[in-house]
Amino acid sequence: MRLGAHVRSDDDPIGAAEDLGADLLQMFVVDPQDRKMPAPKDHPDAERIRSSPIDVVVHSSYIINVASLNNRLRMPSRKAVEQQAKAAADLGAIGLVVHGGHLRDGEDAGEGFVNWRKLFERQADKGGFAVPIFIENTAGGDNAMARHLDAIERLWEQVGDFDDAGFCLDTCHAWAGGEDLVGIVERVKDITGRIDLVHLNNSRDEFDSGRDRHANLADGEIDNEVLVEVIRTAGAPVILETPGEGMADDLAYLREAL
């Protein structure tokens, strides 16, 4: 089982991962609050990233929302997914994580799910995405596309037949979103048939809070035995997105527990 972490060192992500003893790392290729065109080949450590035995996952910008019914948000979001997937491929990444997105109050959720399908259909006409797109469940919002399992099921009815559509399960998001983590892997796989990546995070807040605030494994509201069981049963690479000061301890705990 590959255990890794989201590294916050933009200049030397491989060095940061090596210091942690991680098997893989997650990184951004642009400012997470920006949709600008990434320039991965200009990354100061690009060749080292590509040649390292440490696997790489890229997390897309947070402001991407391909489900949106607003053309001014949806259209640049589609382009950003394509560009950041290409940037991820240029770094040898195994996938691009993209949040499920959300709609505004009163909008038809069905249109949002169809917009996800259009993302993959339009890219299929160009030969598909450069890396798989790992759609991530999210923590809050009544109009979220991937907070609850019933919404994820509707989403997968639209995108599940595309080879480059994958799924990332975030444990803090599921907990905060009101989904019981006991048996969550089986319930997700019944819907998607796959889990390509696990974001293993504890939560600073209570169950069904709707708040996305990650905690180190020893400090949160989720039972650590439940978290360990998630990764045992998921059979997927694991990325920690926990606070940096406790991340090394989190990795050490997981290795011992497994």
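Bear in mind the structure is a predicted one, so any value in this text is a computation, not a measurement. Index from 1, following the sequence.
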Might you work through the salt bridge (charged side-chain N to carboxylate O under 4.0 Å, His left out) test for D90 and K86, ending with a clear yes or no?
-> CA-CA 6 Å; D90 288 342; K86 176 62 167 61; 2.9 Å; yes
For Y62, enumerate each residue passing the ring pair (Phe, Tyr, Trp, His ring centres under 6.0 Å) test, keeping only those at least two apart in sequence or located in another chain.
-> F28, H59, H99
Taking side chain as C-beta onward, heavy atoms only, is D205 less than 4.5 Å from D212?
-> no
Do any N or O atoms from the side chain of R147 and from the backbone of A139 form a donor-acceptor pair under 3.5 angstrom?
-> yes
Who pairs with A151 by side chain to side chain contact (heavy atoms under 4.5 Å, CB included), at least two apart in sequence or on another chain?
-> F113
Joint hydrophobic cluster, M75 plus V114, side-chain heavy atoms closer than 4.5 Å | no
After noting the C-alpha distance and the side-chain angles of W116 and I135, does the key distance pass the side chain to side chain contact (heavy atoms under 4.5 Å, CB included) rule?
-> CA-CA 10 Å; W116 263 107; I135 305 172; 3.8 Å; yes
Okay, side chain of T242, backbone of N216: is any donor-acceptor separation there less than 3.5 Å?
-> no
Do H214 and N202 have side-chain atoms, one donor and one acceptor, less than 3.5 Å apart?
-> no
What do the steps show when you test N143 against R104 for side chain to side chain contact (heavy atoms under 4.5 Å, CB included), and what is the final call?
-> CA-CA 7 Å; N143 303 302; R104 295 176 294 191; 6.0 Å; no
Which hydrophobic side chains are connected to V57, either touching it within the sub-4.5 Å cutoff or through other members that do?
-> L24, I94, V97, F134, L197, I239
Could you tell me whether the side chain of T138 reaches within less than 4.5 Å of the side chain of H102, counting heavy atoms only?
-> no
Are any side-chain N or O atoms of N224 and backbone N or O atoms of L217, one a donor and one an acceptor, separated by less than 3.5 Å?
-> yes
Contacts of type side chain to side chain contact (heavy atoms under 4.5 Å, CB included), residue N115, not counting sequence neighbours | L69, R74, R78, K118
Cut-off 3.5 Å, side chains only: do E179 and H173 have a donor facing an acceptor?
-> no
Do the ring centers of F120 and F129 come within less than 6.0 Å of each other?
-> yes
Any chance you could measure D250, atom CG, to E241, atom CD, to the nearest 0.5 Å?
-> 12.0 Å
With sequence neighbours excluded, residues passing side chain to side chain contact (heavy atoms under 4.5 Å, CB included) with D19 | none
Partners of E186 by side chain to side chain contact (heavy atoms under 4.5 Å, CB included), sequence neighbours excluded?
-> T233
